[in-house]
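Data first, discussion second: the structure below is written as structure tokens.
Letters go in sequence order (proteins before strands), and every chain restarts at 1. Remember, it's a predicted structure, so these values are computed and weren't measured experimentally.
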Amino acid sequence: MAQVDRALRHGAAPDPPCVFKLVLLGSDSVGKSSLALRYVKDDFRSMLPTVGCAFFTKMVHVGGASLKFEIWDMAGQKYHSVCRLYFRGASSVLLVYDITSKGSFLRAQQWLRDLEAEFLPGEVVVMLIGNKTDLDKERQVTFEEGKEFAESRRLLFAEASAKLNHQVTEAFTAEARELLQREEERVDQTQRGTPRVTLNEGPPRQAKCCAR
Amino acid sequence: MVVVTGREPDSRRPAGAMSSSDAEDDFLEPATPTATQAGHALPLVPQERCAELPALGGPAAPGACAGRVQGGPVLRHRSPAGAAGEHAAAEGGEGAPGVSGAHALLQRPPGADCGDCPAACSAAEGPLRQAQVVNREKMSLKSERRGIHVDQSELLCKKGCGYYGNSAWQGFCSKCWREEYHKARQKQIQEDWELAERLQREEEEAFASSQSSQGAQSLTFSKFEEKKTNEKTRKVTTVKKFFSASSRVGSKKEIQEAKAPSPSINRQTSIETDRVSKEFIEFLKTYHKIGQEIYKQTKMFLEAMHYKRELSIEEQSEFTQDFYQNVAERTQTRGKVPPERVEKIMDQIEKYIMTRLYKHVFCPETTDDEKKDLAIQKRIRALHWVTPQMLCVPVNEEIPEVSDMVVKAITDIIEMDSKRVPRDKLACITKCSKHIFNAIKITKNEPASADDFLPTLIYIVLKGNPPRLQSNIQYITRFCNPSRLMTGEDGYYFTNLCCAVAFIEKLDAQSLNLSQEDFDRYMSGQTSPRKQEPEAWAPDACLGVKQMYKNLDLLSQLNERQERIMSEAKKLEKDLIDWTDGVTREVQDIVERYPLEIPPPDQPFAAIDSENVENDKLPPPLQPQVYAG
């Protein structure tokens with residue numbers, strides 16, 4: 001993972017915006033792709049994107065800073081067993097469930113357990129999103145339930161509707177803000193730990209001397 | 001006695017050094033002409049005259065010296081003096097019309113005196129000059145001995161033609177050497193041909209046997225393993241020899257021999273390597289100083305990699321990744337290159353080093369990549385019966401445009417194996433993915449999400465069965481710039497491919513919504529889901545398969561008919577036998593019923609005559625009468 005971090009860091013150097021990989025997680029038909037599509041194109045499947053909508057990039061401006069989201073849409077739970085690969089190098093995860101389906105909420109909790117096994121605490125920013133607020137009448141998961149669960153696991157939380165474009169951009173922006181904040185903290189840490197970095201760089205240089 | 005001192009050609013690089021010296025020369029643009037150029041200059045020496053020298057004998061003819069005077073300045077161009085012998089050898093070997101200056105001088109009989117023209121001689125350099133000096137010393141101070149002492153007879157051509165031989169030509173004179181060399185070369189070519197033919201035949205046989213039956217497959221596999229171990233041991237022995245100084249030259253020759261069976265492949269790769277090197281250099285030239293530094297680092301890395309060849313592939317991978325990172329950091333911090341351009345530089349570096357390393361790090365012998373390749377290939381073959389419906393693939397291949405896209409996607413994923421640079425391989429995956437997206441879009445008329453994409457990719461992989469799938473994935477994972485794999489569009493599609501492969505490996509009845517019994521039956525090949533519903537599957541089949549099924553139908557009909565004919569023919573046969581039997585029986589019956597009775601004669605035969613009493617009363621028979629006339 002450290003390698004990933006380093007790799008990302010050099011790609012995310014001073015001037016251009018940092019790139020953050022965001023993985024969309026959730027059961028089938030909870031509206032992952034719709035959320036992403038709505039956010040990126042501000043569109044609800046009325047206009048066709050050039051090619052597919054499984055991978056997007058989007059520039060985000062938060063306050064003075066800006067960052068670039070790389071959104072990876074993930075196939076549903078059928079492929080659950082092989083999906084760990086998607087998490088490599090991810091810096092944030094959107095955990096989506098459908099408020100009209102209790103099952104999808106339970107699945108989301110299952111996903112979270114997988115995530116916790118894969119990442120160190122605090123390594124990724126996870127946001128729980130209850131989608132389809134437009135179908136409030138058929139609601140099976142209450143707002144409180146969702147919020148409570150999110151707070152108990154220290155996740156960001158929002159309810160949104162991709163169809164009505166309600167709270168979608170806000171959710172992504174909140175995620176971006178959190179990411180930038182953590183990034184700043186991390187930069188502070190690495191600056192404090194400068195000597196360690198030099199040590200890390202030592203061996204390859206030595207090797208070059210020998211080769212000469 | 002003749003005293004010969006010689007210098008080892010210092011231009012020879014240590015055995016096994018990087019083969020990229022050519023590229024370096026290109027890049028630095030040496031001010032002096034390269035060794036080859038100098039070598040070509042050699043024949044400027046008036047050759048006929050030189051060749052005549054031995055024949056002249058006795059006191060030095062002025063012409064001999066003149067020859068050397070002319071030879072001198074030409075030779076002076078060359079900076080590494082030691083190269084002379086080598087190039088002379090090369091000239092002779094390739095059948096140049098004359099002999100080079102150096103050789104001519106050595107061929108000169110001892111009687112020729114050089115002392116007459118010391119100025120001219122001193123002009124010559126390198127081994128030429130040494131040879132001359134030696135000659136002169138021999139003349140003036142006959143008692144002095146230096147260097148290696150060789151008997152004069154040993155200096156003569158081995159063939160005994162009277163001319164002097166040269167060690168560079170294995171003790172032959174130029175003329176005899178050329179003949180020998182030609183003969184050896186012809187023989188070598190012949191052997192190469194035979195070997196190539198044999199190899200091909202073996203391969204074809206192996207292919208045929210692997211095709212013929214399942215059982216044979218394990219056989220070829222064990223053969224492959226054997227080959228693998230063989231290769232390993234061979235490698236070990238060569239490496240050992242490599243380190244023992246005494247057989248250094250020998251081991252080098254052996255390596256070359258080991259390479260010999262596939263000259264065309266080697267040549268092809270080297271052409272590609274050269275092309276990539278040139279492009280890389282051209283590219284770096286636009287970066288001036290930092291470009292030069294990058295070049296130096298890359299060179300150093302390649303050299304270091306060469307010595308790491310025996311290490312595990314993971315260590316090599318780690319080393320490569322570290323290198324990528326160091327170079328990227330340096331370029332950015334020291335070279336003050338903006339990040340987008342750093343990316344570009346990194347791509348070029350990757351292309352350059354991976355083209356060179358490909359042969360050694362793709363599917364290396366030390367790993368079981370190849371076994372995994374075979375395993376997944378077998379697995380995919382066993383899963384040939386999986387239909388798009390089972391995977392919930394939202395692609396309708398009845399639409400010609402869609403089936404076109406599917407074919408293109410399959411072509412792309414198969415093409416991946418032919419690329420050498422990880423990034424090119426990734427590009428193939430991306431291209432394949434784009435075609436898949438298009439296919440889904442045309443079918444569903446709405447943008448594809450990941451839920452549509454992954455199953456389709458799995459279907460494409462199952463249908464295409466791309467060669468060396470695992471090796472390729474491993475190679476990309478190990479040697480691609482890591483940031484490319486974990487982020488970016490290419491990374492996304494690559495991750496999906498990895499998922500698809502993992503899914504195929506784990507695929508079971510549940511993931512296809514089948515019952516375990518059905519799944520087992522399909523896997524064992526007892527039955528196929530397609531057989532049960534021939535109408536349902538027919539549309540998505542290609543024309544040939546359709547035709548085949550039609551023919552199969554016809555065949556079964558024919559079979560039925562034939563059986564009917566057979567049974568009827570048998571019946572007919574039986575009928576025939578029955579009929580003859582019946583007839584026989586009837587005849588016998590009749591015979592029995594009506595036995596043939598011949599009544600005994602009533603009167604004795606003698607009585608017949610006695611009965612004809614009236615005969616006596618008949619007139620006598622007419623007698624012929626003669627009339628005179």
Can you tell which of B:Ile440, B:Ile458, B:Asn496 has the highest number of heavy-atom pairs within less than 4.5 Å of chain A? B:Asn496

Residue B:Thr331 versus chain A: region with a heavy atom under 4.5 Å: neither

A:Gln140 CD: over 12 foreign heavy atoms closer than 6.0 Å: yes

Looking only at non-hydrogen atoms, find the nearest pair between A:Arg88 and B:Met486 and report the distance. O-CG, 3.6 Å

So how far is it from A:Lys32 NZ to B:Asp451 CG, rounded to the nearest 0.5 Å? 4.5 Å

Interface check, chain A: of B:Pro455, B:Ser511, B:Ala502, B:Cys498, most non-hydrogen pairs under 4.5 Å belong to B:Pro455

In terms of heavy-atom contacts, does NZ of A:Lys68 have more than 12 from other residues, nucleotides or ligands at under 6.0 Å? no

B:Glu401, CD: over 12 other non-hydrogen atoms inside 6.0 angstrom: no

Quick check: does any side chain N or O of B:Tyr492 sit under 3.5 Å from a backbone N or O of A:Ala54, one acting as donor and the other as acceptor? yes

If you measure from CH2 on A:Trp72 to CD on B:Glu489, what distance do you get to the nearest 0.5 Å? 10.5 Å

So, taking the atom named OG1 in B:Thr495 and the one named CZ in A:Phe55, what distance separates them when rounded to the nearest 0.5 Å? 10.0 Å

